[in-house]
Amino acid sequence: MRSLFLRLLYLVLRSSRPRRPAKSSNPTILLLQYQTPLGCCVHCTPIFTAIKRAFPQATLIVAARGLALETFRHDPNIDHLIRTPAPSGLKALLGVARLLRRDLLARRLHPDFVLQDASNRAGSFALLAASLRLAPTVGFANAPELYDLHLGYDPNLSLIDNNLRLVDALRGSLKESAGAPSAHVEPSVYFSASEMSKAEALLRQANPSDRTVVAIVVQGSGGQRTTWHEERFAQVIQHIEESGHATIFLGTAADAGTIERTMTRASSRGLSLAGQTSVPELAAVLTQCDLMVTVDTGTMHVGRAAGLPMVVLGPSWQRPIEWLPLTLPNVRVLRGSDRNDVPHDYQLDEIQTPAVLAAIDELQALFPPSNEAREHRAARLLSSTRT
């Protein structure tokens, strides 16, 4: 019954859409991104790059809110970044649809497709896309009856590679030669020159002697059990600082207490930057570090986008293929064997301190710190775009 109702609703909404052929060489594409965990936002960015590679003349519009807006602000692949409220609840959802239609009309933008990535799998997001009544809809939400083209989430692919299937779907819809699936694209978080300047000022404060810098992330989002034992982290921090490196500690303002407690336990001489950076500023800071040791959390995804060598402490209860950078040469992911249960006091118990120290030493040998490496990372993500 639900399926039939949704399909009838889709047919009604589709009947009021404008009828015009999509422009195969320069389509106008609207992507809706309303999931705001930082990892979801960062893992959406490869779509933007892949769309512009497949359709260099395309007009890309992204509608988003909150942390997604902050993450996407300087992305040169986005032509129009539109802020809307959260579509939470039916009344708010319909309000967002009205506001977005009005904004697009004012900008004289007429989408040929409406996309939703693999993070936006709630059925309400499919309803939002259909309610816009603008163009054929393509996406992953758990309401296939509401899409023109529904993509089922493939658990054998990473979140990024699931997202890139949207580009293959566009190529097929525009009768482009399908060929091989789109090549994998790594995420990118861009920043401005002023944000780079702030990052450099923070790092001068943390590192007046111009030593190599190791970033430390000791705290996850709090929603899942991704925290490592404090005494083990303290041993790693002591080893890093005794080896002559400067340390900075990254996180949100809410993480400050945990960071200070861990620093005290380690007798650390580092500097906490908790809550002092926006997402683009965080990306800029990370391009100027030489290594990061981090639990699986949002900052780790920004480090991945920055191209920073990283030791990632991953949970054994989560399928690693979805979120973790398993195949990158500059990343070492440490985790235990797969498990389904999560003990109430679980703290990445399987990861021992010597394994982390060995991974640090290995990465520093393979990717030795240098000004050239920092400059390369920064140049790739420095942007003059503000959408």
Steps toward salt bridge (charged side-chain N to carboxylate O under 4.0 Å, His left out) verdict (R17, D148): CA-CA 12 Å; R17 286 193 325 221; D148 290 79; 2.9 Å; yes
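In this structure, Q288 and V213 have side chains that are not in contact, with every pair of non-hydrogen atoms separated by 4.5 Å or more. At least one side-chain heavy atom of R380 sits under 4.5 Å from a side-chain heavy atom of S188. Counting only heavy atoms from C-beta outward, the side chains of R304 and H43 approach each other to under 4.5 Å. Side-chain contact between F72 and T45: present, with at least one pair of heavy atoms (C-beta onward) separated by less than 4.5 Å. In this structure the side chain of L93 reaches within 4.5 angstrom of the side chain of S131, judged on heavy atoms. T28 is not listed as a side-chain neighbour of H110, based on a closest heavy-atom distance of 4.5 Å or more. Side-chain contact between I237 and M263: absent, with no pair of heavy atoms (C-beta onward) separated by less than 4.5 Å. Using a 4.5 Å cut-off on side-chain heavy atoms (C-beta onward), I240 and V293 make contact.
Using a cutoff of 4.0 Å between basic side-chain nitrogens and carboxylate oxygens, R73 and E195 are scored as salt-bridged. R107 and D79 are not joined by a salt bridge, as no carboxylate oxygen comes within less than 4.0 angstrom of a charged side-chain nitrogen. Under 4.0 Å is where a charged nitrogen must lie from a carboxylate oxygen, and between R171 and D168 at least one such pair does. A salt bridge links R374 to D290: one of the charged nitrogens lies within less than 4.0 Å of a carboxylate oxygen.
In this structure, the side chain of R319 engages the main chain of P155 through a donor-acceptor pair within 3.5 Å. Looking at R232, its side chain does come within 3.5 Å of a backbone N or O of I351 through a donor-acceptor pair. Judged purely by atom type and a 3.5 angstrom limit, D349 has no side-chain atom pairing as donor or acceptor with the backbone of Y346. In this structure a side-chain-to-backbone donor-acceptor pair under 3.5 Å is missing from Q219 to T258.
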Do any side-chain atoms of residues 274-286 form donor-acceptor pairs under 3.5 angstrom with protein atoms, and if so which ones, sequence neighbours left out?
from	atom 1	to	atom 2	distance (Å)
Q276	NE2	S272	O	3.1
S278	OG	E281	N	3.3
S278	OG	E281	OE1	3.4
E281	OE1	K198	NZ	3.2
E281	OE1	S278	N	2.9

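Applying the 6.0 Å contact sphere to CZ of R83 captures no more than 12 heavy atoms from other residues, nucleotides or ligands. The neighbour count for H376 NE2, taken as heavy atoms of other residues, nucleotides or ligands under 6.0 Å away, does not exceed 12.
Using the six-membered ring where Trp is involved, Y34 and F125 have ring planes that are parallel, under 30° apart on the 30 and 60° scheme. Between W323 and H301, the angle of the ring planes lies from 30° to 60°, which puts this pair in the tilted group.
For the atom pair CD1 of I216 and OG1 of T247, the computed distance is 6.5 Å after rounding to the nearest 0.5 Å. Of the inter-residue distances, the one linking L328 atom CG with L308 atom CG reads 11.5 Å to the nearest 0.5 angstrom. Between L13 atom CG and R133 atom CZ the span is 7.0 Å, to the nearest 0.5 Å. Put simply, CD1 on I160 and SG on C44 are 10.5 Å apart, with the number rounded to the nearest 0.5 Å. The OG atom of S119 sits 6.0 Å away from atom CG of N163, with the distance rounded to the nearest 0.5 Å. Separating the NE2 atom in H229 from the CD atom in Q352 is a distance of 8.0 Å, to the nearest 0.5 Å.
Residues L9 and L32 share a single hydrophobic cluster, defined by chaining ILVMFWY side chains whose heavy atoms lie under 4.5 Å apart.
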